[in-house]
Each structure stands twice: as structure tokens, then as C-alpha cells.
Enquirer: 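Sending over a structure as C-alpha cells; questions will come in a sec.
Each chain gets a letter, A, B and so on, in the order its sequence line appears, and its residues count up from 1. Treat the numbers as computed from the prediction; the structure is a model and nothing was measured.
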Amino acid sequence: MAKYSIDVIRHSAAHIMAAAVQELYPNAKFDIGPSTADGFYYDFDLEQRLVPDDLNKIENTMKKLLNQKLPFEYIEMNREDAEQLLKEQNQTYKLERLADIPEGEKITFYKCGQFLDLCRGPHVEHTGQIGVVKLLSIAGSYFRGKESNPMLQRIYGTAFNNKKELNTYLKQIEEAKKRDHRKLGRELDLFSISEQVGGGLALWHPKGALIRNIFETFWREEHYKNNYDLLYTPHIGRSNLWETSGHLNFYGDAMYAPMKIDGNDYYVKPMNCPFHIEVYQSRLRSYKELPLRWAELGTVYRYEKSGVLHGLLRVRGFTQDDAHIICTPEQIESEISEVLRFSLSIWKSFGFTDIKAYLATKPEKSVGEPERWNQALISLEKAVKEHGLECEVDEGGGAFYGPKIDLKIKDALGREWQMTTIQFDFNLPERFGMSYIGEDGKKHQPFMVHRALLGSLERFFGILIEHYSGAFPLWLAPEQVRILPIAERHQEYALNAKKELRQLGLRVDADCRSETIGSKIKDARNSRIPYILVAGDRELESASFSVRSRREGQIGEVAFETLKEKLLSDVTEKI
RNA sequence: GCCAAUGUAGCUCAGUCGGUAGAGCAAUUCACUCGUAAUGAAUAGGUCAGCGGUUCGAAUCCGCUCAUUGGCUCCA
């Protein structure tokens, strides 16, 4: 039996799904059915709405077809015959797809059982080679992905070589569900989103807020150490500011309606940049004070369509860890390199080391001098190379105002998240008429770079929750240590230790409820407490605790003095 | 925004044919004072998402609205 790549198997499975749909719904119209990163889909136009139960029906029909070991038959046709055939079958979407195939290119079909599909292949030889299939979900999808086109029904499924591989995949999905930050956010009492308040507006509960405070403090300290200055700017600004910046014109749809104050329209900010620029414009600037690196944890609000909101990962109000670097052309290279180095070091602190860069270059429509675009691009490329980052280039994928590098980080489950962004801006300096006096005594336009390392604190927190599965490392854990007295007579000892550890700056609590020790341990473990200290007669006697570490398991009795040192060093080491 | 599904106690979920609300966990109170993942008992907890309709009677049937979920589109 020939060995086929999983993509070929899945693409073939997509055909079989279409064949099953054709068998069950003879009037179905077909669009396309490619393989994806972990499965396949096919888009259909059906007279009836599919319901989840239909998936079983379709899957069973597919299994029947797989068992028949039907061959995939390759058929070449000329354009006229192909058109004729698709017209006869009333396959309007396929006809449009046919028209996409450039003149002179071969037009190929694959036939499997009764199902004939316009397709360039390749496929397996026969359906017995597809292994196991599973249909996963039904969704809507615009034809050709365009909002103005009709919506088709899409069925997602997956295929694997064997049952074992499929089960591994399904287990992964289960694991991801267990880590879902929305679920953990509720269970660990970290945050919530209230219908009363509104969708996409997160409420940080005490424990979540505590974690945020810790990483915000870390963020501020690191920025000071890396020669940034911090700014605070308002949440609203007059309409003329947003007219100058161009936001009202370009992104007005995503901005919230203005409020009238003294006859002026004020808008809630969707970005911090115009404010930072106004700080720059507050006086004449000399080349001697450049580069300026101004950072702010700036809370912004953007109208996101209702259908896209998703826990903390896609919200309407969020805090960016924003910064703007304003510098001379000579400083660009070292500044970009420095931003990248700084970014990588921050990610390392949070336990992310698998990072990939995505470089986006000049699109068709753009502003700014080509020479500046070029210089910016060179600096980005150099920095990526210098830090040895794997890099993918998206030609023409930059914003109209400048090229950029995005960093994607891989989490504990191997999922990639786009987080850091470093973007040049040739638009705003022009629009605001930013300048500095150069060595020559003349005015020059500075380079301006936007950068966000974590992106949005909300989104970062959501990903952090999933990455750690709620088990935050000691330095981030809202409750680092929990002391469990076994009986009432051990409470005083526990409370004294709690007091002492708090004096050392550790976040400690004692569980003095009249529960059994087993029950208290269960609760502490479910709360993902890094250190559980049990105190009974023996420990009281020897001034020690029975220590259970989330990371190392049961450690046994440790003298209180030794324990204090261990805890403090763990916090410093960020483990 | 679009397509679809879902919405019952804080959480997870049951609720038959339309006959007036139920479990487990969590919470609260009391008893127990316990040695490494669940001590026992009692109590409390509900505008069945909201509004409207059909009906003698609606969690249940119908319509609208809202929210959530999975996708699509979008993400300066």
C-alpha cells in the first residue's frame, strides 16, 4: 500500500464527505473542500439546514464508502466539456471556480463512486487508504470568503491514518478545552465578563488583578531598566486630534460615538499614538534628545463586531503595553535591534522561548518616501538576522503607513499566538508635522516606531492562563503558599507562620476551616497553589512544615527557616 | 455584522405528552478536631435569558429581542 501524506488523505476524505452529501442530498451544490492544518472541510449550498445529527448520518455514509475501497479516477477534460458538464449539473460555484483556472492550464477532475469533482488532486488510490474519519462541526462560511457573497454551509472534519492518531488528536482538543481561559477564569475566580456591563469588557477579580499588578510592575521596571520613559495620557480626545491623525477617516467605524463637551466632540481613544505625539509636540525638539522611547499602559476602546468577541482574547476595551520610539534615521538600526532583544527577554521571563518572526513589507498603496521604506525594511531584516529568529516574509503585507515585524509565540500546547508587533509609521509624523532640529540647524522629520510587546494585557492574560493551565509560576501566583493546620490546636502556629511569611513579601494564606486535612489539600490543589504547608503535632514540635510543592510533589518535613530561604529564592528565580 | 446551535440555582446538568421546579458540587449553620485529593447533618438558593402570542394552564408550542458558543468576515 502506497504511503500518502496526511494532507492527501484529508483532501481525499473531503471528497468522500462531498460524495456522502451528494448521496444524501442530491440537489447539493458544491464549492471546494481543501485539507487544513488538522483536518479538512467542504462548503455546500443545500436546500435544508444541517443540524448536528446530520453529521452522524453523513459520517456513516462516508464509512460505507470507505469500506467499498472505491478508486479515485483521474479525468482530464477540455474547458468546453467541463463547462458543459458543470452546467448540466447546475454546479454554479464550481463553474466560477472553473473560470478561475488560467487559460492553457490543464483542467482535471477526480471521480470517486458517483461523485465527480473539479480538482487538481492528488488523491489516494482508493478510499480504503483514507484510514479513519470524524466529522466535527457545522459552520457558515461566505463563498470565496467575501462578506457580500452568499453564505454556504461548511462541514469541518478530520482524518487520520488510524484510530490511535485520531484519539490523540481528540484528546488534544479535550486538553485545550480544560485549559480554556474562560473556564479557568471562572473556576479560579480571576475575571469575568458581565452581560450587565457589556460584551468584550472584562472585569478583573482580585486574584486576576493581583496577577496583572505583578506583571505590570515587572513590565514597568523592565522598561525603566531598558531606557524607556513612562507616560500617562487621557482616555478621550477632541475630534480635531482624530481628524489630524486620520483615525476618524480611516477607522471611524471602529470608534465609539463621540460625546459633546462644551460644543466639541470628544472621542474615546482607540489608540495612544496621537497623545504621545502631542507630548512630543509640546516643545521644540533637538536631535540631541533623540531617541525618545515613551511607553504607556494605555487603555483603549474599539468597536469590535459582536460575532468576534471571545473571552479575553478579543475584547472591546483593553490595555495596550504601547510604546513609541522617535529617533533619527541614523538611530533606526540599533533601536529596532534593541526592541527585538528586549521583547525576546520579556517573553523568556514568562516562559515562552519558541518565537517566530513575520516580516511584512510595502503594500501597493502606501505613504512615505520609498527611501525611508527601504531603510526601515533593512533595519527590520538585520535585527531578525542578528537575533537568529526564524522569519517568514509577507510581501506587500505591511500597513499602508509602514513595514512591520510581528512575533508569534508558541504556548505549552504548541499553538501560535501573534503577540508582539513592531511597526514603522511614515504617516503620523507627516500628518502631525513632527520635526526635530538637526545638527545642521534645520528641521528634519523623525522616524517613528510603534511597538507593543505583550499586545493587550487582557489577551496576554488569557493566553498566560491557558499556557500555564491556571498553574501560575511562583512569582505570578496570586496565592503562593497556603498553610493547612490539621486541628484547631495548630492554628496559632499556622497563623504565626503566615504573618512571618507575609513580612517577607510572600502571598500566603492559612486554611483554618474545620475540614479534614484531605479536603483542604484537595481545595489547595484545585486552586493551583504552588506550595502547600501542612502543620500538625510533629511539625509544631520541630518548628517545621510538611511541604508539598506543585512542581516537585511531596517534599516532606522542612524546617521553617530553610523553607523561607527556598521560597524566596524560587520567587527570585521566577520558577 | 453574517450562518448555525445553545440559554433551567454560583457551577455541571436532569426535567417524559403542556399540568405549576429537581440532582450533584459549591454556599450558609451546627456537630466533629481529624496526618496528605471529598466527615456528617440541616438550611438556604429560581422572573426556567427577556418581551409578546397560543392555551383553562407554558421551562416545555410559536414569534421577536438579548446574550453566549462554534465558524465566516474583520482586527489601525
Enquirer: Identify whether the distance between the nearest side-chain nitrogen and carboxylate oxygen of D54(A) and K57(A) falls below 4.0 Å.
Expert: yes

Enquirer: Which value, in whole Å, describes the distance between the C1' atoms of nucleotides rC3(B) and rU73(B)?
Expert: 11 Å

Enquirer: Using ring centroids (six-membered ring only for Trp), state whether Y493(A) and F545(A) fall under 6.0 Å.
Expert: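 Under 6.0 Å, so yes.
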
Enquirer: Taking the same atom, P, in rA41(B) and in rA26(B), what whole-Å distance lies between them?
Expert: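 It works out to 13 Å between them.
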
Enquirer: If only side-chain N and O atoms of R525(A) are considered, is one of them under 4.0 Å from the OP1 or OP2 phosphate oxygen of rA37(B)?
Expert: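 Checking rA37(B) against R525(A), no side-chain N or O comes under 4.0 Å of OP1 or OP2.
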
Enquirer: Send over the distance from I138(A) CD1 to rC3(B) C1', rounded to a whole Å.
Expert: 11 Å

Enquirer: Do the two ring centres, one from W242(A) and one from H247(A), sit under 6.0 Å apart?
Expert: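 They qualify: ring centres under 6.0 Å apart.
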
Enquirer: Could you work out the separation of rC30(B) and rA44(B) based on their P atoms and round it to a whole Å?
Expert: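 To the nearest whole Å, 16 Å.
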
Enquirer: Do D411(A) and R179(A) sit within salt-bridge range, that is, some charged N less than 4.0 Å from a carboxylate O?
Expert: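 Not counted as a salt bridge, because no side-chain N and carboxylate O are separated by less than 4.0 Å.
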
Enquirer: Taking the six-membered ring of F40(A) as reference, does the NZ or CZ atom of R10(A) fall below 6.0 Å from its centre and within a 45° cone about the axis?
Expert: no

Enquirer: Please give the distance between the P atoms of rG45(B) and rU28(B) as a whole number of Å.
Expert: 16 Å

Enquirer: Less than 4.0 Å between a side-chain N and a carboxylate O, is that true for E278(A) and K269(A)?
Expert: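 The answer is no: the pair does not qualify as a salt bridge.
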
Enquirer: For rU20(B) and rG57(B), measure between their C1' atoms and round to the nearest Å.
Expert: 8 Å

Enquirer: Polar pairs (N or O, both sides) under 3.5 Å between protein and nucleotides 8-12 of chain B?
Expert:
from    : atom 1 : to      : atom 2 : distance (Å)
rU12(B) : OP1    : R186(A) : NH2    : 3.2

Enquirer: Using purine N1 to pyrimidine N3 plus N6-O4 or O6-N4 for Watson-Crick, or N1-O2 and O6-N3 for G-U wobble, each under 3.5 Å, what pairs with rA41(B)?
Expert: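 Paired with rA41(B), as far as the under-3.5 Å criterion goes, is rU29(B).
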
Enquirer: So which nucleotide from rU36(B), rA76(B), rC34(B) ends up closest to the side chain of P270(A)?
Expert: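 So the nucleotide nearest the side chain must be rA76(B).
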
Enquirer: rU60(B) and rG53(B): how far apart are their C1' atoms, nearest whole angstrom?
Expert: 15 Å

Enquirer: Any side-chain N or O of R182(A) less than 4.0 Å from the OP1 or OP2 oxygen of rU69(B)?
Expert: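 Answer is yes, contact under 4.0 Å.
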
Enquirer: R513(A) has an atom CZ; how far is it from atom P of rU28(B), in whole Å?
Expert: 9 Å

Enquirer: If I pick the C1' atom on rA59(B) and the same atom on rA49(B), what distance separates them, to the nearest angstrom?
Expert: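 One C1' to the other, the span is 12 Å.
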
Enquirer: Please work out if E515(A) contacts a base, only the sugar-phosphate, or nothing of the nucleic acid, heavy-atom cut-off 4.0 Å.
Expert: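 Result for E515(A) = base.
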
Enquirer: Over all strands shown, is R154(A) touching base, sugar-phosphate only, or nothing at heavy-atom distances under 4.0 angstrom?
Expert: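 Sugar-phosphate only.
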
Enquirer: If you look at every strand shown and take non-hydrogen atoms under 4.0 Å, does S519(A) touch a base, only sugar-phosphate, or nothing?
Expert: sugar-phosphate

Enquirer: Any idea how F472(A) and F461(A) line up, ring-wise: parallel (<30°), tilted (30 to 60°), or perpendicular (>60°)?
Expert: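 Rings of F472(A) and F461(A): parallel, as their planes differ by under 30°.
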
Enquirer: Which base sits across from rU6(B) as a Watson-Crick or G-U pair, both distances under 3.5 Å?
Expert: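 Check on rU6(B): paired to rA67(B), both distances under 3.5 Å.
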
Enquirer: Could you tell me whether the side chain of Y142(A) has a donor or acceptor atom within less than 3.5 Å of a complementary atom in the base of rG1(B)?
Expert: yes

Enquirer: Using a 4.0 Å heavy-atom cut-off, does I486(A) contact any base of the nucleic acid, only the sugar-phosphate backbone, or nothing at all?
Expert: base

Enquirer: For R538(A), answer base if it contacts any base atom (sugar-phosphate contacts may also be present), sugar-phosphate if it contacts only those atoms, and nothing otherwise; contact means non-hydrogen atoms under 4.0 Å.
Expert: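 Base contact - R538(A) has a heavy atom under 4.0 Å of at least one base atom.
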
Enquirer: rC72(B), OP1 or OP2 - any side-chain N/O from Y156(A) closer than 4.0 Å?
Expert: yes

Enquirer: Any N or O donor-acceptor pair under 3.5 Å from the base of rC74(B) to the side chain of R314(A)?
Expert: yes

Enquirer: When you compare rA31(B) with rA67(B), how far apart are their C1' atoms, in angstrom units rounded to a whole number?
Expert: 44 Å

Enquirer: I'd like to know if D31(A) pairs up with R144(A) as an ion pair, taking the criterion as any Lys NZ or Arg NE/NH1/NH2 lying under 4.0 Å from an Asp or Glu carboxylate oxygen.
Expert: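 Looking at D31(A) and R144(A), the cut-off is not met.
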
Enquirer: Can you tell me if S141(A) touches the phosphate of rU73(B), counting only side-chain N or O atoms and a distance under 4.0 Å to OP1 or OP2?
Expert: no

Enquirer: Would you classify E539(A) as touching base, sugar-phosphate or nothing, given that sugar-phosphate means primed atoms plus P, OP1 and OP2, and contacts are heavy atoms under 4.0 Å?
Expert: base

Enquirer: Heavy atoms under 4.0 Å, any strand shown: does G536(A) hit a base, just sugar-phosphate, or nothing?
Expert: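 The answer is base, as G536(A) lies within the cut-off (heavy atoms under 4.0 Å) of a base atom.
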
